[in-house]
Amino acid sequence: MDDVGGSGGGPAEEVALPKATVNKFVNEIAGGLDMRLTSETRELLAEVCTEFVQMLSAEANDLCEADKKKTITPGHILRAMEKLGLERYQKDVQDDFARHKEDEKHPKGKNGGWSSMKASGVTDEELQRQQQQLFEMARSGPAAAPPPAPPPPP
């Protein structure tokens with residue numbers, strides 16, 4: 001599959017991962033290791049990440065076509081990893097995928113969704129109490145009561 005990201009018989013188009021995504025990933029890793037990276041290093045990492053995704057996708061696509069399927073499944077990705085000698089990472093990928101599927105089951109709001117609410121450390125009972133207090137304030141009018149105290153920092 002030479003035409004990764006292309007649209008048919010023409011030459012392959014330049015494909016790259018979003019810089020913000022790669023930078024976020026790099027910052028998380030580098031920050032945890034207490035190191036700084038030059039912009040050239042960041043660019044190189046972005047190119048390597050893009051190449052890796054293209055290589056894995058191409059291999060998974062070949063396996064998908066061999067199975068006479070039109071949609072690449074997680075199983076194709078895992079088999080492609082094995083074929084590329086990356087089987088030692090399969091467990092981590094499976095765990096991350098399971099976590100992703102679990103996260104998808106919960107509705108997400110504008111401000112980060114259910115996981116940030118759980119991470120705040122505020123109990124369901126406290127949230128319920130604050131909600132009732134807000135309802136009472138709304139029924140009584142704007143000057144009826146002071147706003148609820150903000151939750152303690154996590």
Side-chain angles (χ1 to χ4, degrees), residues 1-132 134 148-154:
M1 172 165 191
D2 296 329
D3 191 25
V4 176
S7 57
E13 295 176 20
E14 178 94 13
V15 195
L17 296 172
K19 280 188 177 187
T21 302
V22 175
N23 281 335
K24 180 181 176 192
F25 171 72
V26 168
N27 288 338
E28 287 175 7
I29 301 299
L33 299 173
D34 195 31
M35 70 172 48
R36 295 174 51 177
L37 303 173
T38 65
S39 59
E40 293 86 11
T41 302
R42 289 178 186 278
E43 286 179 33
L44 178 61
L45 281 170
E47 289 177 29
V48 169
C49 289
T50 298
E51 186 65 30
F52 173 75
V53 169
Q54 288 176 342
M55 181 179 62
L56 186 61
S57 299
E59 191 63 46
N61 187 57
D62 290 346
L63 292 167
C64 181
E65 288 176 355
D67 288 349
K68 299 188 184 338
K69 302 287 183 184
K70 294 188 180 208
T71 303
I72 296 174
T73 65
H76 292 122
I77 297 294
L78 293 170
R79 286 176 36 215
M81 289 177 69
E82 190 173 319
K83 200 167 180 188
L84 294 169
L86 301 169
E87 48 279 299
R88 74 182 206 174
Y89 301 105
Q90 286 178 321
K91 174 92 171 83
D92 291 334
V93 169
Q94 289 171 322
D95 292 346
D96 286 341
F97 182 63
R99 219 176 357 262
H100 168 74
K101 293 302 279 182
E102 186 62 31
D103 287 350
E104 278 188 334
K105 292 180 184 177
H106 303 282
K108 293 188 179 181
K110 289 182 181 177
N111 297 326
W114 72 277
S115 58
S116 63
M117 187 64 86
K118 286 189 184 275
S120 73
V122 179
T123 65
D124 289 340
E125 292 79 20
E126 175 62 17
L127 290 172
Q128 191 79 9
R129 186 195 66 72
Q130 289 178 7
Q131 183 181 33
Q132 289 304 320
L134 288 170

Legend entry - Side-chain donor-acceptor contact under 3.5 Å, D67 with H76: yes
Legend entry - Least distance between heavy atoms, L56 atom then A80 atom: CD1-CB, 3.8 Å
Legend entry - Point-to-point distance, once rounded to the nearest 0.5 Å, from CG of L63 to NZ of K69: 13.5 Å
Legend entry - Pairwise distance CD(Q128) to CD(Q132) - rounded to 0.5 angstrom: 5.5 Å
Inset, instruction - Any chance you could lay out the salt bridge (Lys or Arg N to Asp or Glu O under 4.0 Å) test for D95 and R99, step after step, and finish with the verdict? - result: CA-CA 6 Å; D95 292 346; R99 219 176 357 262; 6.0 Å; no
Legend entry - C49 to L17 - nearest heavy-atom pair and separation: CB-CD1, 3.6 Å
Inset, instruction - Rounded to the nearest 0.5 Å, what's the gap from CZ on F52 to CG on L86? Could you check? - result: 5.5 Å
Legend entry - Rounded distance (nearest 0.5 Å) linking atom CG of L45 with atom OG1 of T50: 10.5 Å
Legend entry - Exercise: do N61 and E65 side chains pair donor with acceptor under 3.5 Å: yes
Legend entry - I72 to S57 - nearest heavy-atom pair and separation: CD1-O, 4.1 Å
Inset, instruction - Would you please test K105 and E102 for salt bridge (Lys or Arg N to Asp or Glu O under 4.0 Å) and show each step? - result: CA-CA 5 Å; K105 292 180 184 177; E102 186 62 31; 3.5 Å; yes
Inset, instruction - First locate atom CD of E59, then atom CD of Q54, and finally report the distance between them rounded to the nearest 0.5 Å. - result: 14.0 Å
Inset, instruction - Would you please say whether a donor-acceptor pair under 3.5 Å links the side chains of Q94 and Q90? - result: no
Legend entry - Shortest non-hydrogen contact between R42 and L37, atoms and distance: NE-O, 3.8 Å
Legend entry - Nearest-0.5 Å distance that lies between atom OG1 in T73 and atom CZ in R79: 7.5 Å
